[in-house]
Participant: 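Dumping the structure here so I can ask a few things about it.
Each chain gets a letter, A, B and so on, in the order its sequence line appears, and its residues count up from 1. What you see is a predicted model, and the numbers here were worked out from it, not measured in a lab.
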Amino acid sequence: MAEYRYDPQEIEPRWQRVWEDEQTWVVPDGPPTDADAYVLEMLPYPSGEPHVGHLKNYTIGDAVAHFKRRNGHRVLHPMGYDAFGLPAENNAIKTGQHPRVATEAAIASFQEQFRRWGVSIDWTRELGTHTPEYYRWTQWIFLRFFERGLAYRKEAAVNWDPVEETVLANEQVIDGRGERSGALVEVRQLTQWFFRITDYAEQLLDELDTIDWPGHVKTQQRNWIGRSQGAEVAFRCDDLDTEYTVFTTRPDTLFGATFFVMAPEHPDVLKLAEGTEQQAQVEEYVRQAITHDARERGDASREKTGVYLGRSVTNPVNGEQLPMFVADYVLMDYGTGAIMAVPGHDDRDFAFAEKYDLPVKQVIADPNLAEGEETALPYVGDGVLINSAPQFDGLPKAEALDAITKWLDTEGKGHATVNYRLRDWLLSRQRYWGCPIPIIHCDACGAVPVPDDQLPVKLPDVTDYKPKGKSPLAAAEDWVNVACPSCGKPAKRETDTMDTFVDSSWYFLRYTDSQNDQAPFSREAVDRWMPVDQYIGGVEHAILHLLYARFFTKALADLDLISAREPFKALFTQGMITKDGAKMSKSKGNVVSPRVMVEKYGADTLRTYVLFMGPPDQDADWSDEGVDGMSKFIARLWRLSAEAADTLPAGELPAEPNADGLRLLRKTHWAIDKITGDLGERFSFNTAIAAVMELLNELSAAKRGDAEPAVVRFALSMANSLLYPFSPHSTTDAYALLNGGTRLWEETWPTAEAKYLEADEIELVCQVMGKVRGRVTAPADADDAELERLARSEPNVATHLDGKSVVKVIVVQGKLVNFVVR
RNA sequence: GCGGCGGUGGCGGAAUGGUAGACGCAGCGGACUCAAAAUCCGCCGGUGGUGACACCGUGGGGGUUCGAGUCCCCCCCGCCGUACCA
């Protein structure tokens, strides 16, 4: 008997060459068709070589792309690199080598691996965000935003990372530390560039309802945007003849306000204290507060501190004078930077009132209070208004809230409003390896956009990449000094670069027309493919990238450059692959190298293994033994196929197969049905692969029986066909062997035949009082009475029914009979 | 604190309210072999029993139901996100 040896190192490159030579995965340009589908995985940041997380990401995407193609779709499945960024730059600082060198070496390694993995990518659309051909259009989009006021410059208290020596967006500050450096972030007053993402807060929130994303990602975005319904209320300060507005979600507790607090950064704090006895104390407090470590200050469990301002404001609802304080528990960048303090009904205000011995007033009654008990303040629950004003007392909270807001409005002292937690996106970075901001600063004309025909503003070469509190670009004097495009006088280029999240906020649009040198994309191409039908990536981008990309899409739609208002119709977030329960890292020495694994086992084994590990949206722990097992399975399927192709005569499927043949046919169609559902309706890859394993086990059994050769060949063909989205090379090879060279990737996805999905006999589960007491085979078409009769005749069931009276019989067709006895 | 996700054999994990543990890994036994590897076959939640079987078993406690891993209430543990957001 001939030896059939599965050799992935021979099979995989052979088929990859065919796909490469024939440009199999290239989707042509042209008018839209109903079959168009856009499948996209988040683009990688090229550093070193790809890790197993990349393997999982692109394997999921590839499985989806293959499945869609074989179901008649024309699939856009491109690849690119998010190539600007700090790691390459930090490496450059260390080595003196241009960041481009390390970046392009990494890109080459990624390209090589993706090809080795056999990912079905349309390489003609490849892009790198660091190339002038790409960032020219990043700059172009920036200028369109600038024209619309969506990109603007302002001085603001910003997050300064002292290690990276750059500012960071709020989204990049984790626990008060820089996302990458881990350094405690300082607050600095600097003039910076921002995108007006807050203009889109409401849309970003509302239109979450229109997309098919995991609930937890939507929730994270909702929380980040942080919509609060409430009211703005004006408090008059007679001493300075001015008004201070506060934002509150609880206008119903206005009558309970007993003091007033401002943030240390509030511009009027020092002015208010000026000339009072408190002046020196206030100045000292503010000085300390604003230089305080941001994280420690943000700690809610810290004891409240503050200083009396020596002034008071008038409560608009009852004319009471409320003493004013400055305290660092009030934040300048939320609401108006000033609050009305209601210690009776707010934990924080209560803590402050306790410490400084301020009055506490109850204005909401606790409805669940037992007779004779006193309300424990602060009381934050619902209830009915008390101690307020005759027209409001007795109203439940929600009604009182509306009534008081309405009253404020008619009195001109306030109005209902919505407040968002989301802040504008700080996009400028004082770093080298990023997209230059296409602006020229002129003493006479201000910030002048670089004319479109002068784009791209190319990143100049410098010798020293080390930031010194300003961008390294500032050292490139020949580049910095230019004539003002507006008045022609000497002017200077903006030396900050853009946050790399800007680059990745529109790359998915560029893929639709990536070679276009007249525009970022043509309207026809972008509207043909957008939105992305299925986006796949890590959960860690739940707020950053995914929120920014949504903002860009909406802004570009408002600029009438694209039609889609949401970039990603459906999103799938994959779980992490860990090793020994821990995140892989070089320092822990627990990194699994896909390159080494692929060299040992072949790509098919690795790809199939990472999807078999468990549900792909959950974290999974790597197991070398598991890979071994997968390797055996892939080899076994190929080997059985190759052997059958050689030894079993081909022929038509028998119209009436024998018992073994019928069993195998049924299993085959069961697998088709199961896997089609697992792939089409859920991302249940692990159970789909398990179903092919079951089919293969049935095939092994059939080998010992006498199923017709044609049935065995058919079942083997189907097993390969169904495994193809995961293991494209081995299955393509085996399928070609079994079917006279037929190309599996050109084959339509199989359809399960209903007649083979139904058996003519079922296994009937017999229960007594809900406990399984036996099983009998029953005709599939038996009626309830017949099933009951069969169940009763099962010996063990009879034993349990003996001496009891049956009060009820539950029959579930095709499944079970349950006797309820007494 | 708040929000989300999760807790099932030795392990990874399966289970439209209807046979808990599919499939795989590990382990055990067998075939082939001089031997090993590879391959193939079988067993594999716990306790008791020669066995037929019986009882227990999906983090804990209650409940709904003929029937609960699945639905409801309370609690415990783990992970992730977020946090003085007025």
Participant: Closest to the A/T248 side chain: B/C25, B/C23, B/A86?
Facilitator: B/A86
Participant: With C1' as the reference atom in both, quote the distance from B/A26 to B/C44 in angstrom, rounded to an integer.
Facilitator: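 It comes out at 11 Å once rounded to the nearest Å.
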Participant: Hey, does the side chain of A/R636 come within less than 4.0 Å of B/C40's phosphate (OP1/OP2), counting only N and O?
Facilitator: yes
Participant: Touch check for A/R5, heavy atoms < 4.0 angstrom, all strands: base, sugar-phosphate only, or nothing?
Facilitator: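 Result for A/R5 = nothing.
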Participant: At 4.0 Å (heavy atoms only), tell me whether A/F633 reaches a base, stays on the sugar-phosphate, or touches nothing.
Facilitator: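 No contact at all - A/F633 keeps every heavy atom at 4.0 Å or more from the nucleic acid.
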Participant: Side chain of A/R421, heavy atoms from C-beta onward: which of B/C66, B/U19, B/A83 has the nearest atom to it?
Facilitator: B/A83
Participant: As a test of reading the structure: which of B/A86, B/U82, B/A22 is closest to the side chain of A/W224, going by heavy atoms?
Facilitator: B/U82
Participant: Take atom P in B/C77 and the same atom in B/U16, then report the distance between them in whole Å.
Facilitator: 30 Å
Participant: What's the gap between B/U8 and B/U58 when it is taken at their P atoms, as a whole Å value?
Facilitator: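 The answer is 11 Å between these two P atoms.
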Participant: Applying a 4.0 Å non-hydrogen cut-off, can you work out what A/G226 is touching in the nucleic acid: base, sugar-phosphate, or nothing?
Facilitator: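 No contact.
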Participant: Partner of B/G3 by Watson-Crick or G-U wobble geometry, both contacts under 3.5 Å, or none?
Facilitator: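 With both distances under 3.5 Å, B/G3 matches B/C80.
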Participant: Taking the same atom, P, in B/G60 and in B/G9, what whole-Å distance lies between them?
Facilitator: 10 Å
Participant: Does B/A83 have OP1 or OP2 sitting under 4.0 Å from an N or O in the side chain of A/N223?
Facilitator: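 So the side-chain polar atoms of A/N223 never come under 4.0 Å of the phosphate oxygens OP1 or OP2 of B/A83.
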Participant: How far does the P atom of B/A68 sit from the matching atom of B/G57, given to the nearest Å?
Facilitator: 12 Å
Participant: Among B/C85, B/G24, B/C84, which nucleotide has an atom closest to any side-chain atom of A/R423?
Facilitator: B/C85
Participant: Need to verify one output field. Residue with the more 5' nearest nucleotide on RNA chain B, A/K771 or A/A690?
Facilitator: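 Whichever sits nearer the 5' end wins; that is A/A690.
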Participant: Heavy atoms only, 4.0 Å cut-off, all strands: where does A/Q767 land among base, sugar-phosphate and nothing?
Facilitator: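 Base, at least one base atom sits under 4.0 Å.
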Participant: Hey, is the main chain of A/G537 close enough, under 3.5 Å, to the side chain of A/H541 for a donor-acceptor pair?
Facilitator: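 Judged by distance alone, no pair lies under 3.5 Å.
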Participant: Using only side-chain N and O atoms of A/N686, determine if any of them is under 4.0 Å from OP1 or OP2 of B/A14.
Facilitator: yes
Participant: Any base atoms under 4.0 Å from A/V809, or only sugar-phosphate, or nothing? Heavy atoms, all strands.
Facilitator: nothing
Participant: Taking the six-membered ring for Trp, are the ring centroids of A/F726 and A/F685 within less than 6.0 Å of each other?
Facilitator: yes
Participant: Please give the distance between the P atoms of B/C73 and B/U64 as a whole number of Å.
Facilitator: 15 Å
Participant: Does a salt bridge link A/E694 with A/K667, judged by any charged N lying under 4.0 Å from a carboxylate O?
Facilitator: yes
Participant: With a non-hydrogen cut-off below 4.0 angstrom, is A/D621 in contact with a base, only sugar-phosphate, or nothing?
Facilitator: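 Nothing: the residue A/D621, judged by heavy atoms under 4.0 Å, touches no strand.
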Participant: Among the nucleotides B/U19, B/A86, B/U16, which one has an atom lying closest to any side-chain atom of A/V772?
Facilitator: B/U19
Participant: If you only use heavy atoms from C-beta on, which nucleotide in B/A22, B/A83, B/A86 is closest to the side chain of A/I339?
Facilitator: B/A86
Participant: With rounding to the closest Å, how many angstrom separate the C1' atoms on B/C41 and B/A52?
Facilitator: 27 Å
Participant: For A/D346 and A/A701, find the nucleotide of RNA chain B closest to each by heavy atoms; which residue's nucleotide sits nearer the 5' end?
Facilitator: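 The residue whose closest nucleotide sits nearer the 5' end is A/A701.
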Participant: Return no unless some side-chain N or O of A/R773 is found under 4.0 Å from OP1 or OP2 of B/A54.
Facilitator: yes
Participant: When we call it a touch if two heavy atoms are under 4.0 Å apart, what does A/R639 touch: a base, just sugar-phosphate, or nothing?
Facilitator: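 A/R639: backbone/sugar contact only, no base atoms under 4.0 Å.
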Participant: When you get a sec, tell me which of B/G18, B/C40, B/G12 is the closest nucleotide to the side chain of A/R704?
Facilitator: B/C40
Participant: Any chance the rings of A/W638 and A/F633 have centres within less than 6.0 Å?
Facilitator: no
Participant: Looking at every strand, decide which applies to A/K304 at a 4.0 Å heavy-atom threshold: base, sugar-phosphate, or nothing.
Facilitator: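 Base, at least one base atom sits under 4.0 Å.
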Participant: Of the options A/F350, A/Y356, A/F235, A/F352, which is the one that meets A/F259 in a ring-ring contact (aromatic ring centres under 6.0 Å, His included)?
Facilitator: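 Answer after filtering A/F350, A/Y356, A/F235, A/F352: A/F352.
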Participant: Quickly work out the A/M576 CE to B/C80 P distance and round it to whole Å.
Facilitator: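 Distance check: A/M576 CE to B/C80 P gives 8 Å.
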Participant: Under 4.0 Å between any heavy atoms, over every strand shown, what does A/S228 touch: base, sugar-phosphate, or nothing? Just pick one.
Facilitator: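 Sugar-phosphate, no base atom in range.
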Participant: Ion pair present between A/R666 and A/E698, side-chain N to carboxylate O less than 4.0 angstrom?
Facilitator: no
Participant: Is the shortest side-chain N/O distance from A/R348 to OP1 or OP2 of B/A83 below 4.0 Å?
Facilitator: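 No, outside the criterion.
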Participant: Between the base of B/U82 and the side chain of A/Q220, is there a donor-acceptor distance below 3.5 Å?
Facilitator: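 Per atom types, no contact qualifies.
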Participant: As a test of reading the structure: which of B/G24, B/U82, B/A14 is closest to the side chain of A/P615, going by heavy atoms?
Facilitator: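 So the side chain of A/P615 is nearest to B/A14.
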Participant: Heavy atoms under 4.0 Å, any strand shown: does A/N796 hit a base, just sugar-phosphate, or nothing?
Facilitator: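 Answer is sugar-phosphate: A/N796 comes under 4.0 Å of backbone atoms only.
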Participant: Please name the nucleotide paired to B/C25 by Watson-Crick or G-U wobble geometry with both distances under 3.5 Å, or report none.
Facilitator: B/G10
Participant: As a test of reading the structure: which of B/C25, B/C84, B/A86 is closest to the side chain of A/R302, going by heavy atoms?
Facilitator: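 Side chain of A/R302 sits closest to B/C84.
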Participant: Please confirm whether A/F572 and A/F683 have ring centers closer than 6.0 angstrom.
Facilitator: yes
Participant: Does a side-chain N or O from A/K583 land closer than 4.0 Å to OP1 or OP2 of B/C80, or not?
Facilitator: no
Participant: Please measure how far the C1' atom in B/U50 lies from the corresponding atom in B/G6, and state the result in whole Å.
Facilitator: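 44 Å, rounded to whole Å.
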Participant: With respect to the side chain of A/Y329, which nucleotide from B/G18, B/C84, B/A22 is positioned closest?
Facilitator: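 Closest nucleotide to the A/Y329 side chain: B/C84.
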Participant: Answer yes or no: is there an ion pair linking A/K583 with A/D619, defined by an N-O contact shorter than 4.0 Å?
Facilitator: no
Participant: Give one of base, sugar-phosphate or nothing for A/D328, where a contact means two heavy atoms less than 4.0 Å apart.
Facilitator: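 The answer is base, as A/D328 lies within the cut-off (heavy atoms under 4.0 Å) of a base atom.
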Participant: With a 4.0 Å cut-off on heavy atoms, is A/R775 in touch with a base, just the backbone sugar-phosphate, or nothing at all?
Facilitator: base
Participant: Mind checking whether A/R423 and A/D333 have side chains closer than 4.5 Å, heavy atoms only?
Facilitator: yes
Participant: Which part of the nucleic acid does A/H800 contact within heavy-atom distance under 4.0 Å: base, sugar-phosphate only, or nothing?
Facilitator: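 Since only primed, P, OP1 and OP2 atoms lie under 4.0 Å of A/H800, the category is sugar-phosphate.
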Participant: B/G57: syn or anti, with syn meaning chi within 90° of zero?
Facilitator: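 Anti.
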